[in-house]
Amino acid sequence: MVMYVEDGRVVIEPRAHLAERIRDAVAEAWRGTGSAVDELIAERRSEAAREAGE
């Protein structure tokens, strides 16, 4: 399970669900609808900020 705060609410989801969402985002970016690298960097920064309590 993964727990994080999103838009002022606590979200708990299975790691498998999180992995599926990431795979979907990468697949969408691969099709040319966005930059997979930019999305990954944004997700990592967001996760780091959540872990730091920001």
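Sequence positions, counted from 1, serve as the residue numbers for this chain.
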- Message: For Arg9, give me all partners under salt bridge (charged side-chain N to carboxylate O under 4.0 Å, His left out), at least two apart in sequence or on another chain.
- Response: Glu6

- Only counting residues at least two apart or in another chain, list the ones meeting salt bridge (charged side-chain N to carboxylate O under 4.0 Å, His left out) with Glu13. Arg21

- Closest approach of Val5 to Arg50 (non-hydrogen atoms, all atoms of both residues): O-CD, 3.0 Å

- Apart from Val26 itself, what residues make up its hydrophobic cluster when side-chain heavy atoms of I, L, V, M, F, W and Y under 4.5 Å apart count as a link, directly or indirectly? Val2, Tyr4, Val11, Leu18, Ile22

- Query: If you take all heavy atoms of Met1 and Pro14, which pair is closest and at what distance?
  - Reply: SD-CA, 3.7 Å

- Message: Arg23: which residues meet the side-chain contact (heavy atoms from CB on, under 4.5 Å) condition with it, sequence neighbours left out?
- Response: Ala19, Glu20

- Note on the structure: The side-chain hydrogen bond (donor to acceptor under 3.5 Å, both in side chains) partners of Asp24 (sequence neighbours excluded) come to none

